[in-house]
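Reminder, nothing fancy here: chain letters follow the sequence lines and each chain counts from 1.
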Number of protein chains: 2
Amino acid sequence: MSNAKALSLLEPADGQGVVPCCRPLTERPMSAAEADTAARMFKALGDPVRLRLFSAVASHEGGEACVCDISDVGVSQPTVSHHLKKLKEAGLLTSERRGTWVYYRVEPSVLAAMGALLTQ
Amino acid sequence: MSNAKALSLLEPADGQGVVPCCRPLTERPMSAAEADTAARMFKALGDPVRLRLFSAVASHEGGEACVCDISDVGVSQPTVSHHLKKLKEAGLLTSERRGTWVYYRVEPSVLAAMGALLTQ
DNA sequence: CATCTATGTTGACACACGTCGAACCAGGGG
DNA sequence: CCCCTGGTTCGACGTGTGTCAACATAGATG
């Protein structure tokens, strides 16, 4: 469950954690490496079910949501679990088990980095 | 070649053209319909080659680029053409033939809408 | 321990996707 | 008219993806 920090758009900060990077993709042509990591995150949001799950977590009060709160998106429960895993692997979400339930929350710096990428 | 206005995140303006819409996906859970159209655009950017092509067009001087200017991304030329078509279908690019060459340019309002979606 | 609820994992399957070579279309010169 | 160059379309092939039912695991609770 350690989330492996994914392959985000983020550079490791000096000591720990991550910092936003990435200037707008309108500024200069992206390199192959940049495109590779960024595409992984866009791809994660490129499925309607995943996008709804991500939005549901992001907009939930307290910045986190239990699976039971957001699993009403029209697909089976295993499918929900599968998509949440994909979002986690892409570095967009983190998860934590507390008692009976598992809570997901968004990785805010990653969201910021993607937003910056699409700024003009 | 009329580009069919795609299924963008954009609402048709009163008279013509499109206007940015879409509040941040952190603001409230996306509906199925919203997620459907937005996911189509994220999906289009979810491939490294397409992302580089898009970035190359977006960052090219004059806001437009001939295919010959950007087709050096490591895949065959038919594949480049295929990806550009996908980006066009997603509403991210438009194309126009002028004489011998075909020029692509980004749909700026769409870029803005996607950026707004990822704002916190 | 037995059992119930909440999630995750596995295996299978149909379909979508990325890629290429070959064939094809559009203009611009000879 | 032929041919060259820039681009798109076609057909095929292997791989990836979304989905589900069935099974497995983690805590809570009796």
Query raised in the report: Nearest to the side chain of B/Lys86 - C/dC20, D/dT9, C/dG18?
Result: C/dG18

Query - Flag for B/Ser95-B/Lys88: side-chain donor and acceptor within less than 3.5 Å - result: yes

Query raised in the report: What's the closest nucleotide to the B/Val67 side chain, out of D/dG7, D/dT19, D/dG6?
Result: D/dG7

Query - Nearest listed nucleotide, side chain of A/Asp47, among D/dG7, C/dT7, D/dT19 - result: D/dT19

Query raised in the report: Below 4.0 angstrom from OP1 or OP2 of C/dG8, is there any side-chain N or O of A/Tyr104?
Result: yes

Query raised in the report: Taking atom CG of A/Leu84 and atom CG of A/Leu92, what is their separation to the nearest 0.5 Å?
Result: 11.5 Å

Query - d(CD, A/Glu96; P, D/dA26) in whole Å - result: 17 Å

Report summary line: Of the candidates C/dT9, C/dA16, D/dG6, the side chain of B/Lys43 sits closest to C/dA16

Report task. Kindly point out which of D/dT8, D/dC20, D/dG18 is positioned nearest to the side chain of A/His83? Result -> D/dG18

Query raised in the report: Taking NE2 from A/His82 and P from D/dA21, how many angstroms apart are they, rounded to a whole number?
Result: 16 Å

Report summary line: Heavy-atom closest pair (B/His60 atom, B/Ala65 atom, distance to 0.1 Å) is CG-CB, 3.7 Å

Query raised in the report: Side-chain N or O of A/Thr100 less than 4.0 angstrom from OP1 or OP2 on D/dG27?
Result: no

Query - Note: A/Arg98-A/Glu64 ion pair, threshold 4.0 Å (strictly below) - result: yes

Requested in this report: Report the nucleotide, chosen from D/dT19, D/dC20, C/dC20, that has the shortest atom-to-atom distance to any side-chain atom of A/Val49.
Outcome: D/dT19

Requested in this report: Rounded off to whole Å, could you give me the CG-to-C1' distance for the A/Asp69 and C/dT7 pair?
Outcome: 14 Å

Report task. Please report, rounded to the nearest Å, how far the P atom of C/dG18 is from the CG atom of A/Asp36. Result -> 14 Å

Query raised in the report: Salt-bridged, A/Arg23 to A/Glu34, with N to O below 4.0 Å?
Result: no

Report summary line: Against the side chain of B/Pro78, the closest entry in C/dA22, C/dT7, D/dT17 is C/dA22

Query raised in the report: Of the candidate nucleotides C/dG8, C/dT19, D/dT19, which contains the atom at the shortest distance from the side chain of A/Val75?
Result: D/dT19

Query raised in the report: Which of these nucleotides, C/dG18, D/dG18, D/dT8, is closest to any side-chain atom of B/Arg50?
Result: C/dG18

Query - Whole-Å gap separating C1' (C/dT5) and CH2 (A/Trp101) - result: 9 Å

Query raised in the report: Over how many whole Å does the gap from A/Lys85 atom NZ to D/dG16 atom P extend?
Result: 16 Å

**Report entry** D/dC20 phosphate, OP1 or OP2, under 4.0 Å from A/Thr79 side-chain N/O
**Finding:** yes

Requested in this report: Please report, rounded to the nearest Å, how far the P atom of D/dT8 is from the CD1 atom of B/Ile70.
Outcome: 9 Å

Query raised in the report: In whole angstroms, how far is the C1' atom of D/dG18 from the CG atom of A/Leu84?
Result: 14 Å

Report task. Identify which nucleotide among C/dG8, D/dA26, C/dC17 has an atom closest to any side-chain atom of A/Arg97, counting heavy atoms from C-beta outward. Result -> D/dA26

Query raised in the report: Heavy atoms, side chains only, cut-off 4.5 Å: are B/Gln120 and A/Pro108 in contact?
Result: yes

